[in-house]
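Below: one structure, written as C-alpha cells.
Throughout, protein chains are lettered first and strands after them, A, B, ... in sequence-line order, and every chain is numbered starting at 1.
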Amino acid sequence: GAVVSQHPSWVICKSGTSVKIECRSLDFQATTMFWYRQFPKQSLMLMATSNEGSKATYEQGVEKDKFLINHASLTLSTLTVTSAHPEDSSFYICSARVWDRQETQYFGPGTRLLVL
Amino acid sequence: KNEVEQSPQNLTAQEGEFITINCSYSVGISALHWLQQHPGGGIVSLFMLSSGKKKHGRLIATINIQEKHSSLHITASHPRDSAVYICAVRNQGAQKLVFGQGTRLTINP
C-alpha cells in the first residue's frame, strides 16, 4: 500500500532554534498534503493544507510565520517550526492525498518534537 | 461545520470478544474514514467508506448514510488490537477531515 514517511521521527531542540520536518510520499504523487499536531490524549488538529506549487492554507489560530510549510514537489512537503518554544512541543503528523484517488488519504508515522 | 461523535470513549474487553465502536456525524459527507493509532503514535488508515460495508480480515466497517452513522466491528479481538480508533469525515466539497475524539480500546489477554 501507499507509504508516507516523516523525518525525523524524534527531535529534541533548545528553545529558540528552528526545526524542519520532512514528509514524503514514497510510491505515489500527492497533490495535497495536510499537517496536523496532536497533544497527549487529544485528537488530531489540522494546522494547514498544502497543495503542490501553491501557498499553504492555514487553519484559524495557526501562525503562518511560525509554522512554515513548503510543498515544492508532488512527493515532498516540509514543515519548519521557527524559533521553537516549549509550548510547541507536540506530535506532528503529515498526511497525503493520492493524486488519482481523491478520497484516499495516507498518514505518516509522526514526528515527536520536544523543545527544552 | 460537522460534529463527529464517537462512542464509547473508552472500551476494555477480554480477548476474543466482539467489539463495536460507533460514530455519528451531523452533516452530509462525501467519505468517512476509520483510523487506528497505536501507542507509538503512528496512524494507519483502516477503511474509507462512502456507502455500505467493507471487510478486511477481522475488521468490518459499515455506514448508514441516511442515519449519518458508522460502526467499526472487530471480531475475535486480540491484545494487539489495543489502540485508539478514530472516525473522521470529509464534508461534501471539502478537502479536510473532521475528526472524532477517538475511542481508546484495551483488549486484555
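Here the shortest heavy-atom pairing between A/Arg97 and B/Ala94 reads NH2-O, 4.4 Å.
Between the OG1 atom of A/Thr32 and the CD atom of B/Gln95 there is a distance of 4.5 Å, given to the nearest 0.5 Å.
Other residues, nucleotides and ligands place no more than 12 heavy atoms under 6.0 Å from the NZ atom of B/Lys96. Around NE2 of A/His7, the count of heavy atoms belonging to other residues, nucleotides or ligands within 6.0 Å does not exceed 12.
By the criterion of side-chain heavy atoms lying less than 4.5 angstrom apart, applied directly or through intervening Ile, Leu, Val, Met, Phe, Trp or Tyr residues, B/Phe47 is grouped together with B/Ile19 in one hydrophobic cluster. Following chains of ILVMFWY side-chain contacts shorter than 4.5 Å, one can reach B/Ile21 starting from B/Leu32, so the two form part of one hydrophobic cluster. With hydrophobic clusters built from ILVMFWY side chains whose heavy atoms lie under 4.5 angstrom apart, B/Ile60 does not share a cluster with B/Ile74. Residues B/Ile86 and A/Leu46 fall within the same hydrophobic cluster, defined by Ile, Leu, Val, Met, Phe, Trp and Tyr side chains chained together at heavy-atom separations under 4.5 Å. No chain of hydrophobic side-chain contacts below 4.5 Å, direct or via other Ile, Leu, Val, Met, Phe, Trp or Tyr residues, connects B/Leu49 to B/Leu35.
Using non-hydrogen atoms only and a strict 4.5 Å limit, the part of residues 79-96 of chain A facing chain B consists of A/Phe91, A/Ile93. Along residues 50-71 of chain A, the residues that come nearer than 4.5 angstrom to chain B, judged on non-hydrogen atoms, are A/Asn51, A/Glu59 in order of number. Residues of residues 62-72 of chain B never come closer than 4.5 Å to chain A when only heavy atoms are counted. Against chain B, the residues from residues 34-41 of chain A that qualify, each with a non-hydrogen atom under 4.5 angstrom away, are A/Phe34, A/Tyr36, A/Gln38, A/Lys41 in number order.
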TODO: Dump the intermediate steps for side-chain contact (heavy atoms from CB on, under 4.5 Å) on B/Arg90 and A/Gln105, then the final yes or no.
DONE: CA-CA 11 Å; B/Arg90 190 185 318 281; A/Gln105 191 166 330; 3.1 Å; yes
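Looking at B/Ile43, the atoms closer than 4.5 Å to chain A (heavy atoms on both sides) sit in the backbone and in the side chain alike. Interface residue B/Gln101: only backbone heavy atoms are found under 4.5 Å from chain A. Within the 4.5 angstrom heavy-atom criterion, atoms from both the backbone and the side chain of A/Leu44 approach chain B.
Most heavy-atom pairs under 4.5 Å with chain A, from the set B/Gly102, B/Gly41, B/Ser50: that is B/Gly41.
Annotation: side chain of A/Phe107 is not in contact with side chain of B/Val44 (no heavy-atom distance under 4.5 Å).
Using modelled atom types, one side-chain atom of A/Ser43 and one backbone atom of B/Gly100 make a donor-acceptor pair closer than 3.5 Å.
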